[in-house]
Every structure is written in structure tokens, then in C-alpha cells.
Amino acid sequence: MNNHSDMIPILQVKNLKKYFTTPRGMLHAVDDVSFAIQEGKTLGVVGESGCGKTTTGRAILRLIEPTSGSVVFNGIDITSLEKNKLRIMREKMQIIFQDPYSSLDPRMSVASIIAEPLIIHKRVSGKKELLKQVQKLMEMVELEDRLSSSYPHELDGGRRQRIGIARALALEPQFIVCDEPVSSLDVSVQAQILNLMQDLQDRLGLTYMFVTHDMAVVKHISDEIAVMYLGQIIELSPAKDLFAHQYHPYSHALISAIPKIESKTDETMTILKGEIGSPIEPKPGCRFALRCEYCIEKCLTDTPVFKTIESGRAVACWRAEELSL
Amino acid sequence: MESLLLSINNLTTQYITDNNIIHAVNGISLELARGGSIGLVGESGAGKTTTAYSIMGLLPKLTGKIIKGSILFEGKDLTLLSEEEMRDIRGSKISMIFQDPMTSLNPIITVGDQIAEVLEIHGTSNKNEAQKKAGDMLEMVGIPRGRMNEYPHQFSGGMKQRVIIAIALACNPELLIADEPTTALDVTIQAQVLKMIKELKNELDTSLILISHNLGVVAQVCENVAIMYAGRIVEFGALRDVFSKPLHPYTEGLLNSIPRIEVEKERLIPIRGMMPDPSIVPSGCIFKPRCPYAKEECSVQAPIVSKISDRRVMCLMHEGVIPNTMGAANE
């Protein structure tokens with residue numbers, strides 16, 4: 001963010017790593033990722049399947065234990081917290097999942113799904129207060145009151161996602177990881193949910209980490225964007241600036257590959273050769289090198305340093321400054 | 001030069017169960033010229049896939065039924081053909097690509113054999129020729145011939161979709177129906193596959209029906225577009241015209257509700273409400289409950305197709321029944 005250097009971010013992630021042991025070697029799902037999010041802002045995290053964006057979100061909440069690195073939330077490093085303290089911390093850090101169906105218990109009614117966190121975290125003292133809270137949350141996400149005794153399967157995708165949001169809001173969090181929250185929704189409903197999330201952010205001062213593969217959605221919702229490739233952030237930038245021009249050849253290819261309504265993109269499109277490489281035991285050098293048309297010898301041997309090259313923008317590419325993309 | 005390859009007239013397809021009738025496709029008409037391309041666009045439940053299955057004769061036997069209408073393909077009404085006759089056409093004259101490349105291939109047969117199989121079944125080649133042609137097809141979709149003897153699990157998602165396209169095009173069909181062919185793929189891979197579909201289409205002079213919920217994807221490949229809503233084609237026309245100046249409120253609603261990278265939008269304008277229940281037949285316009293321009297007449301009188309130069313639209317505003325306030329808001 002520009003001019004925020006004097007502000008203390010609500011979330012600061014440093015050198016976060018998550019490795020998985022596989023029969024074929026160590027899988028570097030998240031490999032040395034660092035970023036910060038200012039309170040009330042949205043960081044969009046984009047990338048294609050297997051780039052580590054979902055794992056990053058989960059490791060930050062310790063839904064999976066990070067291998068190393070620190071996650072400082074409100075000044076406290078949560079990677080070293082014990083279980084009971086972590087649980088208290090989690091009230092402030094929530095998650096919304098992609099599939100609003102499989103993330104909701106099919107045998108629980110709408111009201112009891114939303115009530116569950118309130119009961120577990122002993123936020124309410126009686127049935128009456130609980131009902132009132134649930135009602136308030138349902139109103140907040142614009143779910144009709146009459147649906148409180150319905151079950152998830154009786155509702156459409158948009159309404160199910162509203163339940164997921166209400167549940168995430170129940171404990172009055174400050175920070176929410178939104179993992180592809182609109183990806184399974186039809187476009188007209190997607191717009192409703194995106195608007196709702198923006199309204200809630202304005203109203204409650206929420207901070208979002210918005211994980212998605214959809215470039216148009218991420219541009220729309222984010223203040224800042226981190227582009228991930230094979231476990232690493234390769235470019236970090238204010239949202240508008242990133243779409244104006246890109247420093248990393250991969251960001252450039254990703255943005256030029258978006259099918260646009262106005263024009264046939266063929267002529268301007270950079271079509272990448274090959275496919276994403278393997279995250280298992282990655283070799284030194286740039287992980288994008290083999291697909292990169294600007295690759296030089298150094299890219300194959302030396303891992304690019306992730307460094308700031310203009311205010312608010314950082315990139316991991318040896319040739320970032322000389323290329324004009 | 002333009003001769004008709006496919007002409008769908010008043011097609012009505014329903015799914016009938018013991019206690020319910022789902023009105024999936026409600027009297028659609030559509031024409032596709034030889035070598036032409038149409039994008040079928042709409043949200044879930046719009047009837048896009050049911051339309052495709054009706055053409056292919058792949059509706060579920062127990063429930064799916066074409067109630068009325070005809071599907072003329074090269075002058076023959078496909079709805080009147082026997083299962084055997086349809087089998088001859090499927091895969092040779094009309095091919096279909098499905099959304100999910102992971103489940104469309106047989107996991108225990110090599111990709112080469114899966115391509116060769118189509119050629120042998122349709123009697124276009126003997127065994128040796130079929131193997132050779134299978135290799136050619138693989139190369140055509142950008143996969144080295146040397147991978148013929150590999151199994152589907154050895155291919156990535158994008159590669160699998162290429163194999164499926166190779167199978168679909170093996171017999172050089174007149175018509176290719178692609179149902180969300182890139183929806184399961186990453187955006188950079190999607191770009192590769194779309195480019196390939198377009199190139200092959202031109203090279204082989206195949207006509208194309210591309211089904212997608214993604215307006216951008218359709219814009220890359222198709223000349224014409226049909227916007228579907230609740231089993232009806234609410235708007236049809238040249239893609240550029242429809243997307244730049246929509247005539248139907250639903251088309252406008254779709255364009256307003258999607259975030260676009262090339263257009264700055266502070267706030268999206270969603271279409272209010274939900275898709276209608278497909279088991280209920282409304283008295284007036286199906287889009288009325290969600291339409292910002294609707295008037296009382298819209299709940300009584302069902303719109304018919306209005307022709308406006310080369311375009312078609314189903315809306316009372318264009319029949320002169322209610323004033324057209326949509327254009328005014330646009331200007």
C-alpha cells in the first residue's frame with residue numbers, strides 16, 4: 001500500500017512455508033511467502049491450480065500447521081500460540097469456503113449453523129439472546145427470517161454462501177480468509193455476494209484475504225494483489241497498478257489470457273507454452289523460467305529475489321526492470 | 001454461399017418424473033449456417049445443456065422427452081431418427097465435448113486407442129489407418145505422437161481436454177458442440193485451448209455451438225450469440241451487437257453483474273432475485289419478477305420473438321406493448 005509504511009498492519013506474514021512429505025519428495029506448497037495487510041483492506045491472492053493460494057490461507061489460520069515462518073496478527077505471533085490461546089485468537093480470524101454446500105452440515109438448520117460458533121465460544125447467555133443474535137446475523141447477510149428452520153439442501157448456492165458468511169461473522173472477526181467464495185455461483189448471484197461482502201467490509205471494518213483464480217473478480221474486490229506461482233508470490237502490487245502494467249512475465253501472461261468481452265484477445269494475448277511445473281523438490285532458479293519467453297541463463301540457476309521496485313510494488317524477476325510489459 | 005446446417009424449430013424439451021414436470025427448454029428456435037458459430041450463454045438451469053442433449057439424442061431415456069419441435073440437421077429431422085440412425089451421426093457428423101475432462105475419458109484405455117476407436121466404429125478407417133490417424137489427431141491438438149500409448153492419468157487437465165477434442169474431431173464432424181469446454185481449466189490453459197478450438201474450427205471448416213456461462217469465452221470464439229434464460233432464447237444476434245448494445249433486460253443484467261477487467265466498476269449491479277422454478281409455467285414474461293423495466297402487462301402477456309434487423313429478442317418493450325425505457329437509461 002502506498003503511504004502506509006507508518007501504519008502497523010493488522011496481519012503480517014513473514015517467510016511462511018508449508019511443505020508436505022510425499023513419496024516422491026518434499027512438496028513445497030507454500031515456499032517463503034511474505035506480505036502484510038492493512039486493517040480494513042482486501043488483499044487478493046491469485047494464481048492457478050496448485051500455486052499454493054489456498055494452502056497459504058489455511059496456514060495463516062493454522063487450519064494446517066505451517067512448516068516455518070511467522071504470522072503476526074494484531075501484534076501476536078499466532079504460529080507459536082498454544083491450542084487454547086489459538087482458539088481465542090480464531091474468534092478474530094475466520095474463513096469462508098468455496099463450496100457453500102460441503103462446508104455446511106446438511107443435518108443442521110440454517111439457524112443452528114449460524115448459532116454454533118456463538119454456543120461453542122460461549123458468546124450468549126440464554127436461548128433468547130442466542131435467537132436474537134442469529135436473527136441479527138441473518139439480517140446482516142440478507143437472509144430471509146423464514147429460512148431459519150430450513151436446511152442447506154433446500155437453498156440455492158447464493159443463500160448457502162450467505163449462511164457461510166453469517167457463520168463467519170458470528171464471533172465478530174476482524175479478519176476473514178475468503179477462499180474462492182463466489183467461484184461456484186452463477187454470475188448474477190456472484191454479484192450479489194460480492195456486493196454484500198463489500199458492504200460488510202465497509203460497515204464492520206473487516207480485513208479480507210481474498211483467494212481466487214478469477215482475475216476479474218480479484219481486480220474488482222482487492223486493494224492489493226499478490227500473484228502466486230508454484231508456492232511463491234512473484235508479484236505484489238496495488239490492484240489498479242497491476243492491471244495497468246505488470247513487472248513479472250507470468251502476471252503479464254495471466255492477465256493477457258483473460259478472455260475479454262470487448263475484443264478477441266488473440267492478437268494481444270501472450271499464450272504461455274507448457275504447463276505449470278512440479279512443486280516437488282523444486283530446483284534453484286526461477287520456477288517460471290521454462291515457460292518464460294524472456295528467460296536468460298541466470299534465471300535457470302539463481303532464484304530471483306523478491307524485491308520492491310517501486311512504491312508499493314514488489315516482484316521476483318531478474319529482468320523486471322528492463323522488461324516493459 | 002450460406003447454407004443452413006442446423007435448424008431448430010420451436011424445440012420444447014421436458015424432464016418428466018412421477019410428480020413433476022421440469023420445463024427445461026421452452027420452444028426455442030435457432031439456425032446455424034455451415035461453418036458458422038453460435039455461443040449459447042446463460043446461467044445454470046437456463047437449458048443450454050438440455051438443448052445440446054436434445055440435438056445429440058442424449059436425453060436421459062426415462063425422464064427426458066422432446067415434447068414438440070424439430071431439429072433439422074442437413075435437412076433431416078433428428079427427433080424422428082431411430083437410436084441406430086442417431087448412433088451413426090453421433091461422433092461422426094455431430095460431436096460433443098463435455099465440461100469435465102477428468103471423467104470423459106476411459107481411464108484404462110490408452111489415449112491413442114480411444115481416438116482410434118471412434119474412427120473404427122464409424123468405419124472410416126481400418127485398424128492400421130486408425131492408429132496412424134490417431135497419431136495425426138494428437139499432433140493436431142499439440143500433443144506429441146509419442147504419447148499415444150499413455151493413459152489419461154498421465155496427462156494434465158489441459159492435455160486431457162486436448163485429447164477429448166482430438167476424439168471429437170477425429171471423424172471430421174460437420175458440427176461440434178462444446179459444453180463448457182474450458183470451465184475446468186486454468187486461465188492460461190483455457191487461452192491455449194480456446195485458441196486451438198478456433199484454429200481447428202477454421203482449418204476443418206467445422207460449425208460450432210459453444211455453451212458457456214462465461215461471456216468472455218464466447219466472445220473469443222463465436223460470431224453469433226444466443227442468450228438463454230429459463231429455457232428460452234431471450235436474445236439472439238451477432239455477438240458484437242448483443243454485447244455492446246443488449247436489447248433484452250436479462251442480457252443487460254448479465255453484463256452489468258460481471259466484474260470486467262477492462263471496465264472500471266465501483267459496484268456491480270446484480271440481477272435481483274433468483275432463477276424461476278422450472279416446474280412452474282408463468283402466465284406472462286418469465287423474466288418479469290427480476291426485470292427492472294417490467295410493467296403490469298408483463299405478468300399477463302408472454303412476449304413473442306420480435307425481429308429487429310438481424311437480431312431477435314423476446315420482450316414486450318420491443319413489441320410496443322410497453323414503452324422501451326431500457327434504451328433511454330442506456331443513452
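Only a predicted model underlies this, so the values are computations on that prediction, with no experimental measurement involved. Throughout, a chain's letter reflects where its sequence line sits, starting with A, and its residues are numbered from 1.
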Nearest 0.5 Å please: distance from the OG atom of A/S188 over to the CZ atom of B/R272.
12.5 Å
Any side-chain heavy-atom pair from A/Q190 and B/P259 closer than 4.5 angstrom?
yes
Answer key: most heavy-atom pairs under 4.5 Å with chain A among B/N256, B/L185, B/I189 is B/I189
Heavy-atom distance under 4.5 Å between the side chains of B/T188 and A/R291, does that happen here?
yes
Under 4.5 Å, heavy atom to heavy atom, which residues of residues 193-200 of chain A contact chain B?
A/L194, A/N195, A/Q198, A/D199
Heavy-atom cut-off 4.5 Å, strictly under: side chain, backbone, both or neither for A/Q192 against chain B?
both
Taking all heavy atoms of A/K219 and all of B/R260, pick out the closest pair and write down the distance.
NZ-O, 4.2 Å
In residues 225-241 of chain B, which residues are in contact with chain A at a heavy-atom separation under 4.5 Å?
B/R240
Could you tell me whether a side-chain N or O of A/E275 sits under 3.5 Å from a main-chain N or O of B/S156, the two making a donor and an acceptor?
no
Check this for me: A/E281, atom CD, are more than 12 non-hydrogen atoms of other residues, nucleotides or ligands nearer than 6.0 Å?
yes
Atom group of B/V218 that falls short of 4.5 Å from chain A, counting heavy atoms
neither
Can you find a heavy atom in the side chain of B/E262 that is under 4.5 Å from one in the side chain of A/I261?
yes
Quick one: of B/M274, B/H213, B/R290, B/K265, who has the most non-hydrogen atom pairs under 4.5 Å with chain A?
B/M274
Please report the interatomic distance CG(A/D186) to CE(B/M275), rounded to the nearest 0.5 Å.
6.0 Å
Heavy-atom distance under 4.5 Å to chain A: side chain of B/I258, backbone, both or neither?
side chain
For B/L255, which atoms come within 4.5 Å of any heavy atom of chain A: side chain, backbone, both, or neither?
side chain
Would you mind checking which part of A/K273 comes under 4.5 Å of any heavy atom in chain B, side chain (CB onward), backbone (N, CA, C, O), both or neither?
backbone
For A/L272 and B/Q192, the nearest pair of non-hydrogen atoms, with its separation, is O-NE2, 2.6 Å
Distance, nearest 0.5 Å, that separates NE2 of A/H220 from CD of B/E264:
9.5 Å
Take atom CG in A/D202; do more than 12 heavy atoms of anything else shown fall under 6.0 Å from it?
yes
Work out which heavy atom in A/E48 is nearest to a heavy atom in B/V187; give both atom names and the distance.
OE2-N, 3.5 Å
